[in-house]
2 protein chains.
Amino acid sequence: MNGVSVLIVDDHYLVIEGVRSLLQNEKNIEWQGHATSGESCLAFLQHHQPDVILMDINLGRESGIDLCKMIKEKYPGIHILGLSTFNQQSFIQKIIENGASGYVLKNATKNELLEAIFTVNAGKTYLSGDAFQMLRTKESTKIILTRREKEVLELIANGLTNNEIAIKLFVSVTTVDTHRKNLLSKFHARNIASLVKMAVQMELI
Amino acid sequence: MNGVSVLIVDDHYLVIEGVRSLLQNEKNIEWQGHATSGESCLAFLQHHQPDVILMDINLGRESGIDLCKMIKEKYPGIHILGLSTFNQQSFIQKIIENGASGYVLKNATKNELLEAIFTVNAGKTYLSGDAFQMLRTKESTKIILTRREKEVLELIANGLTNNEIAIKLFVSVTTVDTHRKNLLSKFHARNIASLVKMAVQMELI
DNA sequence: ATAAAAATCCTGTAAAAAGGGGAGTGCTAT
DNA sequence: ATAGCACTCCCCTTTTTACAGGATTTTTAT
């Protein structure tokens, strides 16, 4: 056995360098390389499948979450470990929901990183301490929107009136109004102003 | 001459490792070490003063911007280079205003990083391409609100109606309405929904 | 297969916001 | 001293939201 093979996907060159310098001389780790975009990652996977992928959640304008989902659909055997800074709490949950096996913060130590890699490689879940806390607190306050509600919310926040939204979505104005009512009720908001504020702050928009 | 001495301040261990591995073997760079908090950075400076500090703008719950200001007051000879991810545009301007000599994104290449270090060490300003763009676009799109407008905006975003705001601020409803109109016009917004979205995204709320 | 969830549509009333005007007071910086 | 800005106040009309009911048809998941 050659150790756990690892690929990193991150658009921050400095982070790639950091991880590489940490893992390069580890006996039980086989460094497979890096990708800086979803595209190059998928291309890489056509020829090599690592055991574990370290995946930055925020890949410039792309989303590591979507990429995670795609990879797990095509290569369910690969274990994915989310990677990001502490101030992107809301995404931790999303990447776990989309198939990631764990989560490590970018201020992790070498030992934490190694432990995380071996844990997910063994098929278990690894959540770095703070990440676990975040999941628990998020759990209670999170608001689940339907596909249509998200669409309507987005359009409302962009300044469209019910009438305009109805035309855009090919539905009746009363339908849009119903979605609006449900949104207000889900957010416990008094009006659209406070709803939009909350939605933007929760990064739903 | 021993090269440019460099200290890095960053709460992300992986980034520290990345920069270290990039700079360690450079002949013209003298690696002085790292700090992971403002406190440890200031302690370090009492004994060694590097030529250049690479400073993460976001140090956990501390702010690299405040730290930058303190360092420049005490040690004006040290050149500071801001460091962060691309999605913290609004802070670039602030750290420059607080005495930093330049700015590098964390997805910079080795050459960009070296160029930035040598440029600021020579007393000049270095802005990585995207950062320069951001400064320029920020400049033109920034919206200046009066004291009263900020108050009204805040209350609107909290879900209060004109009537309620009028009572709270001890003014007439028509006055609040005028502020509202001026806000819409300053933001070029069609309605309060889009206004609130923009305001939250610009971190005005 | 069937129950639950989501999406669609309706009627009606009252409240609030958007959009258009205009206008007086007080401060402050040139 | 005076032009500019912030803050205040008013009128009017139209559009849009908010709130309260109810109802039917698709999807989706077990």
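Just so we're on the same page: letters track the sequence lines, and every chain starts at 1. Treat the numbers as computed from the prediction; the structure is a model and nothing was measured.
- Surrounding CD of B/Glu39 are at most 12 heavy atoms belonging to other residues, nucleotides or ligands under 6.0 Å away.
- Within the 4.0 angstrom heavy-atom criterion, only backbone atoms of the sugar-phosphate kind lie near B/Thr146; the bases stay farther away.
- The interatomic distance linking A/Glu149 (CD) with C/dT8 (P) rounds to 11 Å, in whole Å.
- Put simply, CG on B/Leu184 is 11 Å from P on C/dG20, counting in whole angstrom units.
- Taking 4.0 angstrom as the limit, B/Ser172 places a side-chain polar atom (N or O) nearer than this to OP1 or OP2 of D/dC10.
- Side-chain nitrogen and oxygen atoms of A/His179 include at least one within less than 4.0 Å of the OP1 or OP2 phosphate oxygen of C/dT8.
- Distance NZ (B/Lys181) to P (D/dT15): 16 Å, rounded to an integer number of Å.
- Comparing C/dA18, C/dT8, D/dT16 against the side chain of A/Val171 picks out C/dT8 as the nearest.
- Counting to the nearest Å, the C1' atom of D/dG4 and the CG atom of B/Asn182 are 15 Å from each other.
- Listed for the A/Glu73 side chain is no donor-acceptor partner under 3.5 Å among the backbone atoms of A/Met70.
- The two residues A/Leu7 and A/Pro50 have their closest heavy-atom pair at CB-CG, 3.7 Å.
- Of the two residues contacting DNA chain C, namely A/Lys186 and A/Phe170, the nearest-nucleotide position lying further toward the 5' end is that of A/Lys186.
- Proximity note for B/Thr178 (side chain, C-beta onward) versus C/dG19, C/dC9, D/dC9: the nearest is D/dC9.
- Between the CZ atom of A/Arg190 and the C1' atom of C/dA14 there is a distance of 16 Å, given to the nearest Å.
- OP1 or OP2 of D/dC7 lies within a sub-4.0 Å distance of a side-chain N or O belonging to B/Arg147.
- The nearest whole Å value for the distance from the CG atom in A/Leu153 to the C1' atom in C/dA7 is 17 Å.
- Distances shorter than 4.0 Å separate some side-chain N or O of B/Arg148 from OP1 or OP2 on D/dT8.
- Of the residues near DNA chain D, B/Leu169 and B/Asn191, the one whose nearest nucleotide (by heavy atom distance) lies more toward the 5' end is B/Leu169.
- The main-chain N or O of A/Ile144 is found under 3.5 Å from a side-chain atom of A/Lys186 such that the two form a donor-acceptor pair.
- To the nearest angstrom, C1' of D/dC7 lies 16 Å from CD1 of B/Ile165.
- Closest non-hydrogen pair, A/Ser40 versus A/Ala35, comes out as OG-CB, 3.5 Å.
- You'll find that the side chain of B/Thr175 is closest to D/dC9, out of D/dC9, C/dA18, D/dT16.
- D/dT8 atom P lies 16 Å from atom CZ of B/Arg180, rounded to whole Å.
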